[in-house]
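Just so it is clear, the structure is predicted and the values come from calculations on it, not from any experiment. Both backbone and side-chain heavy atoms feed into the values below; hydrogens, waters and symmetry mates do not. All residue numbers refer to positions in the sequence shown, counting from 1.
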Amino acid sequence: MSRKLKEKSARRLFAESGTVIKRWGRKVTVALIYPNTYYVGMSNLGFQQVYYLLNQREDTICERVFLPDREDMDEYQRTGTQIFSLESQRLLRDFDIIAFSIPFENDYLNALKVLEMGNIPLLASERDENYPLVIAGGVTTFLNPEPMADFIDLFLIGEGEEVVNELIDSFIKNSNGDKKDFLSSVSKLEGAYIPSFYQVTYKENGEIESFLNKIKAPRKLKRRWIRDIDSAPTMSRIFTHDTEFSGMHLVEISRGCGRGCRFCTAGFIYLPPRIRRPEKILESLEAPPLNPPLSKGGTKGGVKVGLVSAAVSDYPFIDSLCVPLIAKGKKVSVSSLRMDSTTDELMDALKDSGHKTMTFAPEAGTERLRNVINKGISEEDILKSVEMAISRGILNAKLYFLIGLPTETDEDIEGIVKLAKRIKKEVLVLTKEAGRIGTITLSINPFIPKPWTPFQWSPMEDVKSLGNKLKYIKESLKKEGNIEVNHENPKDSYLQALLSRGDRRVGGIIRAALETGSWNRGIKESQVDTDFYVYRIRDKGEILPWDFIDHGIEKGYLWKEYERALKGQFTPPCNPPKCHRCGVC
């Protein structure tokens, strides 16, 4: 094992606070893997939550493993070093369980890379009793786990707080049996999906013909979700400078969203919306460690608290939360705000916290298209929010837009350009007295139709067409001062659409990409028609790869929302528990 790599891991551990180090012996050992770099993984609240939950158990040791940094890959290869855990620097083969937390489909390839670097066979069928159990959780697993089905022994469908303890209990209970016996036993656990227990057949046209259980396993896999959200505080547990959120204490204030934006998975797979009580949030923030290390350069005036939610400004007790935090000398940070629910009190708190940029998500350039996607905001809402920020000295605005949305026209693309120019005009008027103006940044991303949304039947727009739209927007705004345009490469969006909407056959592409070192070569090597998954309109009655999962949402409801979208009809937000329209409540 490389001394250089071991020393780097030791330095990272030394720079952390909140790390859990346990003595090995007579405990279940779990290698919790985030299939990306340390910097990215330690920015993920869900990953930290699972680490904390497992290490709360006296009978369990959970250690972290990350994809090595790019600059370290040569050292791994030169020295023949296998990937190892951060806490004890043990190899993957030393653990009882290898547990992947996978929130993004683009990290599927990294997951296989980690197994390869740990000398673990990629295919579940090739791993015998001498290898650890390989499991996976995270958002991707309860959206559509099928592209990774050949590589994972067991998927956990749903929220970790609800299921991880039951999994460990079951593992301990069946620790003396072989792997097959354990999987047979754990298949009775709600939310446990063992791909090898199911068989998929296909029609001549490539569609799924049947999805059948080969043994006594559930026909439908129920998503696990936690009812009492206050019983499981979700917040930063480990603090380090080497992360995007250096010096920030992240805390989840609510989970799920009832707005029903038709492109957004979080608005459906996390239903019903659950709200944490402000007193519980404040109480959790007082728990050790009280003072995480400040960010590089210092954070004057106290620790910054990052409020995490699908829609922070929709949180009904935002004032009851922000006022005491500011009074205690803390600063408040949010990722983005809805433009129709931002309050003066919240904006004041962000001003007092030193915010220089406000992030909003209009998503579409015209109100017609915003009704199609059920965004439910007007141009007046947008301009009012910008004005609220500028009047408090927050002069920079970042605006998120999608292109390639269903029913989109040239007028909708032109609407993005016109809206950006109108916002700039308003900014110029409002900042004239200040003697300086801020920057308007447009972040434009291709629309990707996702499972478990009303647009799951929609195709993605052609990559070339998306490129032309991006070119038009950039050309139209390039002479406008103080407007910047950033965007995702449509080819990357195509890949994400393939991985999020694929079935088990897409697993061959992922493996080929690992072997060839390139997604493009992997696609060619696999000879799979990727356009079949990305550009094709699905029929109402087609069996979708993820149909075996039960989120409680009626498929017919999603179809009705799809039809309403095509007609440009807006659906009001849900109001649980009084609302029963989707089937969850």
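- At a threshold of 4.5 Å between non-hydrogen side-chain atoms, the residues D59 and V28 do not count as touching.
- Side-chain contact annotation: S336 with T359, donor-acceptor N/O pair under 3.5 Å absent.
- Using a 4.0 Å cut-off between charged side-chain N and carboxylate O, R11 and D242 make no salt bridge.
- Between the side chain of Q89 and the backbone N or O of K6 there is at least one donor-acceptor pair closer than 3.5 Å.
- In this structure, V65 and I98 have side chains that are not in contact, with every pair of non-hydrogen atoms separated by 4.5 Å or more.
- Counting only distance, with no hydrogens or angles, the side chain of S246 and the backbone of T243 share no donor-acceptor pair below 3.5 Å.
- The backbone N or O of N165 lies less than 3.5 Å from a partner atom in the side chain of R57, making a donor-acceptor pair.
- Of all non-hydrogen atoms in L405 and E363, the two that sit nearest each other are CD1-O, 4.1 Å.
- The closest donor-acceptor contact from the side chain of N36 to the backbone of G41 lies at 3.5 Å or more, if one exists at all.
- Looking at N374, its side chain does come within 3.5 Å of a backbone N or O of T571 through a donor-acceptor pair.
- A salt bridge links D69 to R12: one of the charged nitrogens lies within less than 4.0 Å of a carboxylate oxygen.
- Using a cutoff of 4.0 Å between basic side-chain nitrogens and carboxylate oxygens, K4 and E7 are not scored as salt-bridged.
- You'll find the side chain of D96 stays beyond 4.5 Å of the side chain of L133, heavy atoms only.
- Aromatic ring centres of F47 and F66: separated by under 6.0 Å.
- Between V332 and L350 there is a side-chain heavy-atom pair separated by less than 4.5 Å.
- Counted by atom type alone, S443 and N486 present zero donor-acceptor pairs between their side chains at under 3.5 Å.
- Side-chain contact check for L86 versus L13: some heavy-atom pair is nearer than 4.5 Å.
- No donor-acceptor pair under 3.5 Å is formed between the side chain of R370 and the backbone N or O of K375.
- In terms of heavy atoms, V163 sits closest to E190 at CG2-O, 4.2 Å.
- No side-chain donor-acceptor contact under 3.5 Å links T29 to the backbone of I61.
- Contact check on R392 versus D352 returns no salt bridge, with no Lys/Arg side-chain nitrogen under 4.0 Å from an Asp/Glu carboxylate oxygen.
- With respect to D340 and R259, a salt bridge is recorded, a charged nitrogen being found less than 4.0 Å from a carboxylate O.
- With respect to R274 and E159, a salt bridge is recorded, a charged nitrogen being found less than 4.0 Å from a carboxylate O.
- Although no hydrogens or angles enter the test, the distance criterion places a donor-acceptor pair under 3.5 Å between the side chain of N144 and the main chain of S500.
- Figure legend: R237 and Y51 shown without cation-pi pairing, the cationic atom not lying both under 6.0 angstrom from the six-membered ring centre and within 45 degrees of its axis.
- For the 3.5 Å distance criterion, the side chains of S43 and E244 fail to qualify, holding no donor opposite an acceptor.
- For the salt bridge (Lys or Arg N to Asp or Glu O under 4.0 Å) with D230, the lone residue among R277, K280, R255 that qualifies is R277.
- Listed for the D381 side chain is no donor-acceptor partner under 3.5 Å among the backbone atoms of M339.
- Contact detail for R223 and G158: the closest heavy-atom pair is CG-CA, 3.8 Å.
- The shortest distance between side-chain heavy atoms of P35 and Y108 does not fall below 4.5 Å.
- A ring-centre distance under 6.0 Å is found for F142 and Y270.
- Contact of the I510 side chain with the L499 side chain is registered, since non-hydrogen atoms from C-beta on lie closer than 4.5 Å.
- The local environment of NZ in K351 is sparse, with at most 12 non-hydrogen atoms from other residues, nucleotides or ligands closer than 6.0 Å.
- A salt bridge links E105 and K450; the closest N-O separation between the charged side-chain nitrogens and carboxylate oxygens is under 4.0 Å.
- Atom OG of S231 is separated from atom CD1 of I226 by 3.5 Å, given to the nearest 0.5 angstrom.
- With 3.5 Å as the limit, one finds a donor-acceptor pair spanning the side chains of T234 and Q49.
- In this structure, Q48 contributes its side chain and M42 its backbone to a donor-acceptor pair below 3.5 Å.
- Of all the heavy atoms in F239 and M248, the pair that sits closest is CE2-O, 3.8 Å.
- Between T81 and S2, the shortest heavy-atom distance links the atoms OG1-N, 2.9 Å.
- Shortest non-hydrogen contact noted between P68 and T37 is O-CG2, 4.1 Å.
- Rounding to the nearest 0.5 Å gives a distance of 8.0 Å between CG of N55 and OG1 of T60.
- Residue-environment remark: CZ (F104) stays at or below the threshold of 12 foreign heavy atoms within 6.0 Å.
- Put simply, the side chain of F84 reaches to within 4.5 Å of the side chain of L5, judged on heavy atoms.
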